[in-house]
Number of protein chains: 2
Amino acid sequence: MLKEERHRLILREVNIHNKVLIADLTDKFDVSEDTVRRDLHELANSGKIQKVRGGALSKSYSGYSYHEQDIYAYREKNLIARKAVSLLKDGMLVLISGGSTNLEIARLVPPELKVTFLTVSLSTAMQLLEHPVSETIFIGGQLSKSAKISVGGEVIGKLSEVRPDICFLGTNGIDASAGITESDWEVVIVKKAMIQASSKVVLCAIAEKLNTVQRIKVCDMSQIDLLVTELDPQSELLTSYRNTGVQLA
Amino acid sequence: MLKEERHRLILREVNIHNKVLIADLTDKFDVSEDTVRRDLHELANSGKIQKVRGGALSKSYSGYSYHEQDIYAYREKNLIARKAVSLLKDGMLVLISGGSTNLEIARLVPPELKVTFLTVSLSTAMQLLEHPVSETIFIGGQLSKSAKISVGGEVIGKLSEVRPDICFLGTNGIDASAGITESDWEVVIVKKAMIQASSKVVLCAIAEKLNTVQRIKVCDMSQIDLLVTELDPQSELLTSYRNTGVQLA
DNA sequence: AAAAAAATTGCAAAATCCTGCAAAAAAATG
DNA sequence: CATTTTTTTGCAGGATTTTGCAATTTTTTT
């Protein structure tokens, strides 16, 4: 087994399960503990993982000292994110918004994939920077204190100049008849522009948010190409959405 | 189960539910009470949670928590930042770059002060958003993986359109004769543009960085209006800088 | 005041890590 | 192709960290 190959597999493992144990790896690769230890050290020194006693953990990105709020319903969001990243292909231009689901997507982008990300979210951007090869472009503008994303005319202008292949959107309210809704006016404007700009719009939401409605409308379900939830696409909880014609995953 | 892994999960648990019980954790992790107790102690000693009898409580009130102990030379940087924020006046347009000193400045902006910040740094922006009344505008562009700031032509263009009253600059290399130097080409370009744009340039650096030179030059000392260090402005360590005519604080 | 629960302390076993070294494998060189 | 150089790997030892246990003390509850 080649060193590079081990490194690749280790990275994949860490990205999916958030941790690896030295014991597991020695077993899996059939090499000595020392070799695995050295592998982990190298990966850690190049900043790809965090070495800890007994194994390694995924790198909790902490540029300086900034502690991302811990994620509610992590398991579900992780599952959604895994479905979402499988849509990515080399060379794509990807527009991605904020929120914890998108943060998880950003974290799970396969290390070898080379795409260009466009984002308006500070946290998402911070996470995307951890990716070894992909490029990240932040769309600047006035920052919204509540959503921690760029908002305003500047952003809308920039969005009208690009044509992303795919757009990952999070949301608070999703309902088969009311469509996608949000509570923050400025955020709605930006999301509308994001949808407008993109060839394909992927909406990510945990089942808990299904059939909820917020105050301001972003768009109809018809504008969404693909809806990703943690549920099985066949689930009957999704029936009303299936009837709108949206694709499910 | 790895120790670090437990620590992370404990933090997540504490931050979501505001408390944890030792009994719950021993059960969840399948380790002895003593081990959990020790885990909680360590987290408490590093200031991340508050240890109480039978468990632990959350310590951080908002989503953004800040751990001074993992900033290098925190005391010095805090002192510098306190001097720096005293330069701020209501209504100013303030340009601020990245780095831990600027992060500390952002943290110490008096809550009632109403200024508009312009920044290219993700971490600084994130911190500035915590401020109750000030506005923050992020200058977008391609993000540099190493410096975590926007770089490239887009940024230079935007910087040429503004005229900030004051600019807070951090740096790695500062020397009375060699001037301000950095090691990253892209960052140098941005800093040059920041200096060009601003009416007043304030350079913040800890004494440790005095008389050090990096590979690429940003500007001469003559372009700096004010140099802020943690030292007394009269200190003889600053003599050579005083001779360049720069103001000291 | 007694009983129960939690914390502290010291200790020893187990697991993990580090260092240096030499054999094996791979790559480069003539 | 043979030889040299470099890289990778496994191993032995000693050091360090982690962990659970038991005995004792402190705090809380009844």
Side-chain angles (χ1 to χ4, degrees), chain A residues 1-62 65 67 70 74 110-112 130 132-133, chain B residues 1-60 65 67-72 74:
Chain A
M1 161 109 13
L2 285 73
K3 188 169 152 181
E4 285 299 325
E5 195 180 354
R6 288 199 310 270
H7 283 201
R8 264 207 358 262
L9 292 175
I10 290 172
L11 279 185
R12 181 183 324 223
E13 185 74 9
V14 169
N15 270 330
I16 293 178
H17 292 101
N18 278 321
K19 74 158 175 180
V20 285
L21 286 84
I22 291 185
D24 287 357
L25 293 176
T26 57
D27 192 41
K28 183 140 120 188
F29 297 150
D30 196 33
V31 292
S32 77
E33 266 187 18
D34 303 76
T35 301
V36 172
R37 218 191 303 284
R38 274 184 280 243
D39 285 342
L40 295 183
H41 263 291
E42 284 173 37
L43 291 170
N45 285 336
S46 60
K48 309 239 176 68
I49 60 175
Q50 185 194 338
K51 176 77 185 73
V52 300
R53 181 162 254 260
L57 299 178
S58 68
K59 211 177 130 194
S60 65
Y61 63 119
S62 57
S65 159
H67 178 1
D70 286 287
Y74 178 75
E112 67 281 0
E130 299 294 316
V133 295
Chain B
M1 163 98 33
L2 301 166
K3 183 170 141 164
E4 286 293 333
E5 189 186 3
R6 288 198 311 270
H7 284 200
R8 282 196 192 183
L9 292 174
I10 291 171
L11 280 182
R12 166 137 76 219
E13 188 75 10
V14 168
N15 285 337
I16 291 178
H17 294 105
N18 283 318
K19 70 163 182 182
V20 285
L21 286 83
I22 291 185
D24 289 355
L25 293 176
T26 57
D27 191 41
K28 184 149 144 185
F29 297 151
D30 196 32
V31 293
S32 77
E33 268 189 17
D34 304 77
T35 301
V36 172
R37 222 189 301 283
R38 273 185 281 241
D39 285 342
L40 295 183
H41 260 291
E42 284 174 37
L43 291 171
N45 285 336
S46 60
K48 306 209 171 95
I49 59 175
Q50 186 196 338
K51 178 77 186 72
V52 297
R53 196 180 179 79
L57 299 176
S58 134
K59 201 182 173 191
S60 59
S65 71
H67 299 301
E68 346 187 310
Q69 72 279 354
D70 41 42
I71 293 184
Y72 173 71
Y74 176 74

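Lettering follows sequence order; numbering is per chain, from 1. Side chains included, hydrogens not; waters and symmetry mates left out as well; all remaining heavy atoms used.
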Side chain to side chain, Asn18(A) and Tyr74(A), heavy atoms closer than 4.5 Å: yes

Note, Val133(A) side chain near Glu112(A) side chain (heavy atom, < 4.5 Å): no

Heavy-atom side-chain proximity of Thr35(A) to Phe29(A) below 4.5 angstrom: no

Flag side-chain contact, heavy atom, 4.5 Å: Lys48(A) against Pro132(A): yes

Min side-chain heavy-atom separation Leu25(A)-Asp39(A) under 4.5 Å: no

Range on DNA chain D touched by chain B - first to last nucleotide, heavy-atom distance under 4.0 Å: dT18(D) to dT28(D)

Contact summary for Leu57(A) and Val14(A), nearest pair of heavy atoms: C-CG1, 3.9 Å

side-chain contact (heavy atoms from CB on, under 4.5 Å) partner of Ser32(A), the single match among Asp30(A), Val36(A), Asp34(A): Asp34(A)

Protein-to-nucleotide contact annotation, 5' to 3' order, nucleotides 9-26 of chain C [B base; S sugar-phosphate only; - none; under 4.0 Å, heavy atom]: ------BBBS--------

Lys59(A) vs Lys51(A) side-chain heavy atoms within contact, under 4.5 Å: no

Minimum side-chain heavy-atom gap Lys28(B)-Glu13(B) below 4.5 Å: yes

Secondary-structure stems for DNA chain D, with pairs counted as Watson-Crick or G-U when both distances are under 3.5 Å and runs at least 3 long: C:1-30 with D:1-30

Close side-chain approach of Lys3(B) and Arg53(A), heavy atoms under 4.5 Å: no

